[in-house]
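Presented below is the structure to which this report refers.
Computation of the quantities below employed the complete heavy-atom set of this structure, encompassing side-chain atoms and omitting hydrogens, waters and symmetry-equivalent molecules. Chain naming here is simple, since letters A, B, ... match the order of the sequence lines and numbering starts at 1 in each.
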There are 4 protein chains.
Amino acid sequence: MAKQEASLPTKAEKSRNLILHSAAKLFREQGFSATTLRQIAAAARIEAGSIYYYFDSKEAILDEILDRGLRHVFESVKAAVKGAGQATYRRRIELAIEAHLVALLESSDFTSANIRIYGQLQEHLKKPHRPLRRAYARYWDKLFLDARKAGEIRADIEIEPLRIFVIGALNWTVEWFRLDSKDDVLKLARRTQLMVFDGIKK
Amino acid sequence: MAKQEASLPTKAEKSRNLILHSAAKLFREQGFSATTLRQIAAAARIEAGSIYYYFDSKEAILDEILDRGLRHVFESVKAAVKGAGQATYRRRIELAIEAHLVALLESSDFTSANIRIYGQLQEHLKKPHRPLRRAYARYWDKLFLDARKAGEIRADIEIEPLRIFVIGALNWTVEWFRLDSKDDVLKLARRTQLMVFDGIKK
Amino acid sequence: MAKQEASLPTKAEKSRNLILHSAAKLFREQGFSATTLRQIAAAARIEAGSIYYYFDSKEAILDEILDRGLRHVFESVKAAVKGAGQATYRRRIELAIEAHLVALLESSDFTSANIRIYGQLQEHLKKPHRPLRRAYARYWDKLFLDARKAGEIRADIEIEPLRIFVIGALNWTVEWFRLDSKDDVLKLARRTQLMVFDGIKK
Amino acid sequence: MAKQEASLPTKAEKSRNLILHSAAKLFREQGFSATTLRQIAAAARIEAGSIYYYFDSKEAILDEILDRGLRHVFESVKAAVKGAGQATYRRRIELAIEAHLVALLESSDFTSANIRIYGQLQEHLKKPHRPLRRAYARYWDKLFLDARKAGEIRADIEIEPLRIFVIGALNWTVEWFRLDSKDDVLKLARRTQLMVFDGIKK
DNA sequence: CATGAATGAGCCTTCATTCAT
DNA sequence: GATGAATGAAGGCTCATTCAT
């Protein structure tokens with residue numbers, strides 16, 4: 001009962017995590033409502049009924065996946081930016097772009113599931129996650145705002161549309177990107193950084 | 001499929017179209033499998049059973065929506081580019097961006113439904129639409145390729161990643177953009193064109 | 001769509017009623033939660049899913065059964081008493097006893113189901129039916145009160161315990177009485193009337 | 001089943017009893033099939049799985065409750081009558097009525113659970129308890145028969161319907177009576193005795 | 001053309017039960 | 001003695017689909 005500190009994951013914790021990972025993968029691939037609990041159970045190699053030992057409902061699974069997914073990108077990006085110390089703002093934003101892409105395409109299925117299915121969920125499923133989503137948006141806004149104040153990006157650019165444009169381009173990768181090697185994501189990141197900052201014109 | 005030679009739409013054709021539009025809106029909002037035939041029927045103000053007079057199955061409705069949606073953007077973009085005559089390639093691409101956005105966000109729900117749900121569909125539902133999707137991708141590639149040959153965009157940019165980046169940024173708008181007025185879409189288009197060509201750096 | 005006056009029951013109305021009667025019988029025999037929709041469907045010779053064409057839920061079926069059941073006894077008793085005209089109060093109460101028993105044991109399964117299962121239902125299922133139950137209790141109370149005022153029953157008898165005693169003795173019959181012929185119920189009624197008024201002592 | 005010779009109850013016996021009491025209360029309130037083993041376990045402050053250390057199945061719990069419940073009224077009534085010595089038959093029956101009511105409404109939940117749920121159980125669950133039920137009925141029949149022979153109750157009254165009427169009125173109290181104080185049950189008993197013997201007429 | 005009625009497969013969920021620890 | 005973890009059968013309910021009218 002007492003929570004052990006940094007102890008090995010118990011059997012139960014492993015089962016719980018296996019369910020979450022299986023569900024996240026399926027949600028990302030097929031969407032929330034097209035995914036059945038039997039599919040999740042099969043992927044986790046248990047019976048459908050057993051899922052209810054760990055979760056109250058299909059929605060409870062979704063809830064935890066959405067939360068973990070967003071928290072994961074957010075923390076990755078914050079860590080990357082923090083790690084940049086006093087680099088230029090361009091550099092910081094470049095690192096944020098890379099971190100966002102890595103979290104989305106490599107780390108786990110939580111983030112990609114979140115990005116992919118959130119928009120089509122019913123209102124009551126989205127609601128609890130809105131505060132964190134807003135916080136993440138504000139974090140990027142601050143990054144761009146600081147860069148503009150520092151004169152590193154054009155003064156006539158509005159922050160919000162910019163953020164939407166950039167994150168949109170990043171998020172869309174989830175629709176087509178298939179993981180082959182870490183290099184691929186980094187290469188994709190580099191290209192994206194360049195495109196965002198310098199555009200495509202000669 | 002529908003027989004017609006510019007005659008007035010019959011009552012049957014009107015019902016058919018109403019079903020398609022109702023379905024497209026719901027598919028875009030909730031996804032394919034979360035949308036029920038009864039919801040579609042209610043939105044079209046008929047009974048669920050009546051849908052089968054016009055369509056063989058739910059999948060048949062989807063099929064037509066996907067097809068119309070993609071055809072619609074594709075034709076809009078081609079028309080816009082053709083209308084530009086011998087303008088610069090930058091101008092042509094700018095018009096393509098605008099046309100894509102207008103088709104996606106304004107014209108109807110077919111295109112937005114297509115963009116939004118395609119990725120999560122089962123393989124057998126995607127398959128028939130792949131040829132057209134590829135053709136559309138090649139059309140953009142040609143646009144960018146010509147621009148590069150003409151020296152209007154940087155020589156070191158690879159075409160495919162560029163196309164993915166641009167269309168991705170455009171498509172993601174479907175996740176957040178809510179139509180208020182035509183101006184908004186055009187403003188969005190102008191900003192996007194600028195960002196794509198000139199980037200954000202000072 | 002327009003309600004026809006006293007028209008023949010439509011096919012749909014017949015199905016609906018068949019479901020209700022099948023359910024009432026099973027509820028009375030086994031209780032509410034031990035009865036499955038599949039059992040009800042089988043008894044009504046349809047498929048379980050078809051029940052939902054007529055009812056929103058199992059609870060909706062219960063609701064209508066409870067309502068019909070209580071309404072039925074109530075109206076039977078009122079009609080019987082009214083039919084007695086200006087008879088003595090003893091006579092009126094005797095007729096009420098008979099009417100209650102006939103409704104409970106003969107007329108249909110709605111009343112017996114109601115009497116038998118009400119007490120074990122969850123609070124939220126009972127609640128909507130409380131007003132009518134109270135009204136029925138008050139009706140009996142008035143009957144006894146008038147009889148006491150008229151000096152036909154002993155002055156020292158408290159009305160509420162009396163009503164509870166009498167209705168209790170009547171209702172308990174549902175636990176053991178099995179219908180053979182109309183005579184049986186009437187014989188039972190006569191015995192009960194006698195016992196209630198004259199007691200058993202010599 | 002439990003081995004014991006007036007020794008103190010072991011821990012195991014206490015657990016077993018706690019399970020039985022918890023179950024009886026829930027069965028009485030909600031019925032047998034609406035009560036889950038997890039509810040019983042929670043009420044007994046153990047885990048659901050642990051119940052199987054003491055009982056083979058949910059039905060085994062029911063079985064013991066039914067048995068204890070009936071045995072308890074039966075013995076109470078016998079003891080009360082026996083304690084009356086050579087009193088009049090009216091007095092003996094009055095004491096039996098009181099004892100039945102006290103057992104039903106006060107002593108424990110076993111008897112009330114039995115009375116309330118027995119009628120809706122499946123045949124195979126009722127069967128083992130029928131002999132004892134019949135014996136209890138015969139016991140009352142004998143009481144009334146003796147009273148009639150002794151000329152204390154009217155000669156024209158048939159014994160079986162009388163017993164059914166009286167026990168029915170007593171048992172129905174379980175549907176509405178809520179325990180407040182011992183006096184209440186005794187008051188209820190006195191009223192019932194009076195009503196049974198003298199009826200309500202002036 | 002359109003619907004009302006019904007189907008049956010399958011969904012999420014519950015629950016008595018099992019068993020290794 | 002007792003539990004945590006898991007099972008699998010079944011329950012209420014939904015939904016695409018069918019078809020006589």
Side-chain angles (χ1 to χ4, degrees), chain A residues 1 10-16 19 33-41 44-61, chain B residues 10-12 14-16 33-41 44-61, chain C residues 1 10-16 19 33-41 44-61, chain D residues 10-16 19 33-41 44-61:
Chain A
M1 283 252 147
T10 64
K11 190 181 167 207
E13 273 161 0
K14 269 193 262 179
S15 289
R16 211 185 125 85
I19 293 169
S33 74
T35 299
T36 72
L37 283 176
R38 280 166 176 77
Q39 287 176 331
I40 297 172
R45 266 156 294 134
I46 55 173
E47 295 299 313
S50 308
I51 292 177
Y52 286 81
Y53 185 75
Y54 298 99
F55 298 93
D56 286 344
S57 65
K58 192 185 173 191
E59 294 192 356
I61 299 176
Chain B
T10 65
K11 191 182 166 204
K14 270 197 263 182
S15 287
R16 212 185 126 84
S33 77
T35 298
T36 71
L37 282 180
R38 274 178 172 76
Q39 286 176 332
I40 296 170
R45 267 156 294 135
I46 55 172
E47 294 300 314
S50 309
I51 291 178
Y52 286 83
Y53 183 78
Y54 298 99
F55 298 93
D56 284 345
S57 65
K58 193 184 173 190
E59 295 193 354
I61 299 176
Chain C
M1 283 249 145
T10 64
K11 189 181 167 206
E13 273 161 359
K14 270 193 264 179
S15 290
R16 211 186 125 87
I19 293 169
S33 75
T35 299
T36 72
L37 284 175
R38 281 166 176 81
Q39 286 176 333
I40 296 171
R45 267 156 295 135
I46 56 172
E47 294 299 313
S50 308
I51 291 178
Y52 286 82
Y53 184 74
Y54 297 99
F55 297 95
D56 286 344
S57 65
K58 193 185 172 190
E59 295 193 354
I61 299 176
Chain D
T10 64
K11 190 181 167 204
E13 275 161 0
K14 270 196 264 180
S15 287
R16 212 185 126 82
I19 292 169
S33 78
T35 299
T36 70
L37 282 179
R38 274 178 171 78
Q39 287 176 331
I40 297 170
R45 266 156 293 134
I46 55 172
E47 294 300 314
S50 310
I51 291 179
Y52 286 82
Y53 182 78
Y54 299 100
F55 297 93
D56 284 345
S57 66
K58 193 185 173 189
E59 295 193 353
I61 299 176

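- The side-chain hydrogen bond (donor to acceptor under 3.5 Å, both in side chains) test applied to A:E59 returns A:H124, not counting sequence neighbours.
- For B:A44, the side chain to side chain contact (heavy atoms under 4.5 Å, CB included) partners at least two apart in sequence or on another chain are B:L18, B:I19, B:S22, B:I46.
- In this structure, B:R45 places its CZ atom 12 Å from P of E:dT3, rounding to the nearest Å.
- Residues B:S33 and A:A34 come closest through the heavy atom pair OG-N, 3.2 Å.
- Taken from CD1 in C:I61 to CG in C:D56, the straight-line distance is 10.0 Å, to the nearest 0.5 Å.
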Legend entry - Per-nucleotide protein contact string for nucleotides 13-19 of chain E, where B marks a base within reach and S marks sugar-phosphate only (heavy atoms under 4.0 Å, - for neither): BBSBBB-

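- With sequence neighbours left out, the side chain to side chain contact (heavy atoms under 4.5 Å, CB included) criterion links B:S15 to B:Y54.
- Between the CD1 atom of C:I61 and the C1' atom of F:dG12 there is a distance of 11 Å, given to the nearest Å.
- Annotation: of the two residues near DNA chain E, B:E47 and C:K11, the 5′-most nearest-nucleotide partner is B:E47.
- The minimum heavy-atom distance between C:Y52 and C:K58, with the atom names listed, is OH-N, 4.3 Å.
- Between the OH atom of B:Y53 and the C1' atom of E:dC1 there is a distance of 5 Å, rounded to whole Å.
- Here the CD1 atom belonging to C:I40 is positioned 5.0 Å from the CG atom belonging to C:L37, to the nearest 0.5 angstrom.
- Secondary-structure stems of DNA chain E, taken as three or more successive Watson-Crick or G-U wobble pairs (i with j, i+1 with j-1) under a 3.5 Å distance threshold, comprise E:2-21 with F:2-21.
- F:dT7 atom C1' lies 10 Å from atom CD1 of A:I46, rounded to whole Å.
- As rounded to whole Å, 15 Å separates atom C1' of E:dG4 from atom NZ of C:K14.
- For E:dA2, one of the phosphate oxygens OP1 or OP2 lies less than 4.0 angstrom from a side-chain nitrogen or oxygen of B:S15.
- Nucleotide F:dC15 holds its P atom 7 Å from the CD atom of B:Q39, rounded to whole Å.
- A:E47 is linked by a side chain to side chain contact (heavy atoms under 4.5 Å, CB included) to A:S50, counting only residues two or more places apart in sequence or in another chain.
- Heavy atoms of C:I51 sit nowhere under 4.0 angstrom from any nucleic acid atom.
- Note: B:I51 CD1 to B:S57 OG = 11.0 Å, rounded to the nearest 0.5 Å.
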